[in-house]
Amino acid sequence: MATQASAITFLAAPGQAYSDGMRFVQFYFGLPLAMIVLCVTFVPIFHRLKVYTAYEYLEQRFDLKTRVLTSMLFLVQRGLSTGITIYAPSIILSTILDINVVYTTLFIGALVIFYTVYGGTKAVSYTQLLQMSIIFLGMFFAGVLVVHLLPNGVGFTHAVKLAGKLGRMNVIDWKFDPNNRYNIWSGLIGGFFLQLAYFGTDQSQVGRYLTGSSVGQSRLGLIMNGLVKIPMQFLILLIGVLVFSFYMFNRPPMFFNQYEVTQVKQSAYGAQYNKLESQYATAFDERKRKADDLVTALNSKDDVQIANAKAALKIADTSASYIRSQGIKLMKKNNKDANGDDTNYVFLTFVTHYLPRGLIGLLIAIIFLASMGSTASALSSLGSTSAVDIYKRIINPTASEKNYLNASRLATVFWGLVCVGMALYASKVGNLLEYVNQLGSYIYGTMLGIFVVAFYLKKIRGNAVFVAAIVSELTIVVLGVLNKVAYLWLNLIGCALVIVIAVAVNLLIETRQAPTA
């Protein structure tokens, strides 16, 4: 859990709750079920096989091309996702130094490549738990401070109720809708398959729990992850909800990404943007008055008064949101590539403006260390998989150990450059936490399907599963690009497609090879 806790978790999750409420927590509902399945099935199998990477087994079970295909799927997915983890701390540095995030991304990318190639991961493994503990203490303090900074007479309960009246306490949605990203069904089913694939087929995760000295120890690590992750994410999202209520009484910037604000203010649209900011300040004052009215109504416990105050607050909030949307349109007019999603900057803005200076420095330093650790771990797994599954197996099977070490280092540098490229692109995407899981959903379903066939459908041969994997992956990419279903469902669809197509193709091959009478 410590190595998974990158800056994305701490920047994007509160911002996600600020803009969209608590419903993202449903994403994790399938996690405990996935951990149980992994403990019963995948963990003992991997321990028994004694493999260095999860993909070595696929060559034993199927053939070399299936192993290479699955390795490549992992490399592409993990390479792109790691780019997002590089971009997250770049946002922090960009905000503090008030410079273009491109420069901070290049700096951090170069730093983490050097750090990984020259042995940083070993040192990090001893400090990650301490880092995570300090980060959570810092976030807990931030949550306490949010409540403390609320006006007199407005407490934690008021803050939660205020957010709830504006749709931010939407923890569970029972309605089944394949186009809705987060509801109980997409979380339990789609989330189950995503987590099963992530922890069961992603070498960056499999390699971690296989370091357990026994099956029992690996299982314990996974079970603890399943038990702790949902409460952890709930509390992180709750901090975002509290920040939302805090900004009901303390005027937030009209747009949280100050780099984009500076760009539009220095353009021909500067005067128009300044005018919108003035209108936004007036709209905020009105929204604050309506929020005060709702607090008074909540204290009165008069349902009619509460309903009227809630309706008035919604109108005031809609008015402020409309003015903000006009500001974003101006940014887009000035620069069509401007990022109109500022959710990654919400919590960072609160931290830098309202936390005590010493705590800000400590929290940001530790988030940097955690990011370096998680990124170094991912780059290390990319390098080792490239060296073991591609270079050693196909390109140079008889080289020395020193040669393989150098190949691994070169592969790490290559993937580091790919990650930096992805990090530069990440400035154009929305919420980082959503986007990194969306990327995974494009590939994890296919990978999981390959392993399910390998473990449980013993009659299926290599050619059948290879064809099934390619057809499945192409189908998933098309569905994802066309946005036909919510991304969590892609994990289930990808896994099911691989199984069904593999069975059908294998049956067709056997029929053709059967001797005729």
Side-chain angles (χ1 to χ4, degrees), residues 23-42 54 58 66 69-70 73-74 76-78 80-81 172-202 205-206 222 225-226 229-230 233 433-457 460 464-506:
R23 69 190 189 119
F24 184 77
V25 77
Q26 296 170 111
F27 169 87
Y28 297 97
F29 284 2
L31 179 63
L33 299 174
M35 296 299 99
I36 292 169
V37 172
L38 286 169
C39 288
V40 173
T41 56
F42 282 47
L58 295 179
T66 305
L69 174 64
T70 313
L73 288 173
F74 160 72
V76 169
Q77 193 282 326
R78 182 51 47 199
L80 296 178
S81 297
I172 295 180
D173 182 356
W174 291 97
K175 185 179 178 183
F176 180 83
D177 180 359
N179 294 312
N180 182 4
R181 287 185 172 185
Y182 309 116
N183 54 48
I184 191 83
W185 309 110
S186 66
L188 280 174
I189 303 171
F192 166 77
F193 279 90
L194 174 59
Q195 305 293 352
L196 194 61
Y198 178 52
F199 287 96
T201 70
D202 188 314
Q205 300 306 310
V206 174
L222 287 173
N225 194 55
K229 196 67 175 275
I230 295 176
Q233 291 298 146
L433 191 59
E434 273 198 314
Y435 193 72
V436 76
N437 288 305
Q438 198 168 342
L439 275 176
S441 296
Y442 275 61
I443 290 176
Y444 279 143
T446 301
M447 290 175 65
L448 179 61
I450 294 170
F451 276 91
V452 169
V453 171
F455 289 155
Y456 301 112
L457 301 177
I460 306 294
V465 79
F466 184 79
V467 170
I470 291 176
V471 173
S472 170
E473 190 55 37
L474 290 173
T475 306
I476 290 302
V477 170
V478 170
L479 287 174
V481 170
L482 297 178
N483 201 23
K484 290 296 183 182
V485 293
Y487 73 84
L488 279 175
W489 293 105
L490 296 177
N491 299 281
L492 168 60
I493 294 169
C495 180
L497 277 175
V498 171
I499 296 169
V500 172
I501 295 171
V503 170
V505 172
N506 199 69

> Hey, could you give me the CD/CG distance between Q195 and N225, rounded to the nearest 0.5 Å?
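Going from the CD atom of Q195 to the CG atom of N225 covers 8.0 Å.
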> Measuring from I184:CD1 to I172:CD1, what's the distance to the nearest 0.5 Å?
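So the gap between those two atoms works out to 5.0 Å.
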> Please confirm whether the backbone N or O of D173 pairs with a side-chain atom of Q26, one donor and one acceptor, at under 3.5 Å?
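Flag set: sc Q26 to bb D173 pair under 3.5 Å.
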> Starting at CG of L448, measure out to CD1 of I443 and round the result to the nearest 0.5 Å.
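It comes to 13.5 Å.
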> Which heavy-atom pair separates L194 from G440 by the least distance, and what is that distance?
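Scanning both residues completely, I find the closest heavy atoms to be CD1-C, 4.4 Å.
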> Roughly how far, to the nearest 0.5 Å, is CD of Q233 from CZ of F27?
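Answer rounded to 0.5 Å: 9.0 Å.
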> So among I450, I493, L497, which one has a side-chain contact (heavy atoms from CB on, under 4.5 Å) with S472?
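With S472 as partner, I450, I493, L497 yield a single side-chain contact (heavy atoms from CB on, under 4.5 Å), made by L497.
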> Quick one: do the Q77 and Y442 side chains pair a donor with an acceptor below 3.5 Å?
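Q77 vs Y442: no donor-acceptor pair found between side chains.
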> What is the minimum heavy-atom distance between A464 and A502, and which atoms define it?
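Nearest pair, atom of A464 first, then A502: CB-O, 3.5 Å.
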> Can you list the residues that meet the side chain to side chain contact (heavy atoms under 4.5 Å, CB included) rule with L457, with sequence neighbours excluded?
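V453, I460, I499, V503.
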> Return a table of donor-acceptor pairs under 3.5 angstrom between the side chains of residues 476-490 and protein atoms on other chains or two or more places apart.
{"unit_1": "Y487", "atom_1": "OH", "unit_2": "Y182", "atom_2": "OH", "d": "2.8"}

> Would you say N180 and R23 are linked by a side-chain donor-acceptor pair, where the criterion is simply a distance under 3.5 Å?
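On atom types as modelled, these side chains qualify, holding a pair under 3.5 Å.
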> Show the nearest heavy-atom pair for residues S186 and R181, with the distance to one decimal.
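Looks like OG-O, 2.9 Å.
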> Any side-chain heavy atom of T41 sitting closer than 4.5 Å to one from Y456?
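Yes, at least one pair of side-chain atoms sits under 4.5 Å.
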> What closest approach, in Å, do S441 and N491 show between heavy atoms, and which atom pair accounts for it?
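Closest approach of S441 to N491: OG-ND2, 3.0 Å.
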> Is the shortest heavy-atom distance from the side chain of I470 to the side chain of F466 under 4.5 Å?
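Contact flag for I470/F466 side chains = yes.
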> Closest approach of V498 and A468, non-hydrogen atoms and distance?
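Smallest heavy-atom distance, with atoms named: O-CB, 3.4 Å.
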> What's the separation between atom OH in Y198 and atom CG in L38, rounded to the nearest 0.5 Å?
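Interatomic distance, Y198 OH to L38 CG, rounded to 0.5 Å: 12.5 Å.
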> Is there a side-chain contact between F192 and F29 (heavy atoms, below 4.5 Å)?
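Side chain of F192 against side chain of F29, heavy atoms only: no contact under 4.5 Å found.
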> Of the non-hydrogen atoms in A469 and T446, which two are nearest, and what is the gap between them?
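Heavy-atom minimum between the residues: O-CG2, 3.6 Å.
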> Would the F455 and F42 ring centres measure less than 6.0 Å apart?
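They qualify: ring centres under 6.0 Å apart.
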> Are the side chains of M447 and E473 in touch, meaning some heavy atoms are under 4.5 Å apart?
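Heavy-atom side-chain distance check fails, nothing below 4.5 Å.
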> Taking C-beta and beyond as the side chain, do L31 and F199 meet within less than 4.5 Å on heavy atoms?
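L31 reaches F199 side chain to side chain.
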> To the nearest 0.5 Å, tell me how far I189 CD1 sits from L492 CG.
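Going from the CD1 atom of I189 to the CG atom of L492 covers 7.0 Å.
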> Decide yes or no for D177 and W185: does some side-chain heavy atom of the first lie under 4.5 Å from some side-chain heavy atom of the second?
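Result no, sub-4.5 Å side-chain heavy-atom pair not found.
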> Testing V500, V467, V471 for side-chain contact (heavy atoms from CB on, under 4.5 Å) with V505, which one passes?
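Exactly one candidate clears the test, V467.
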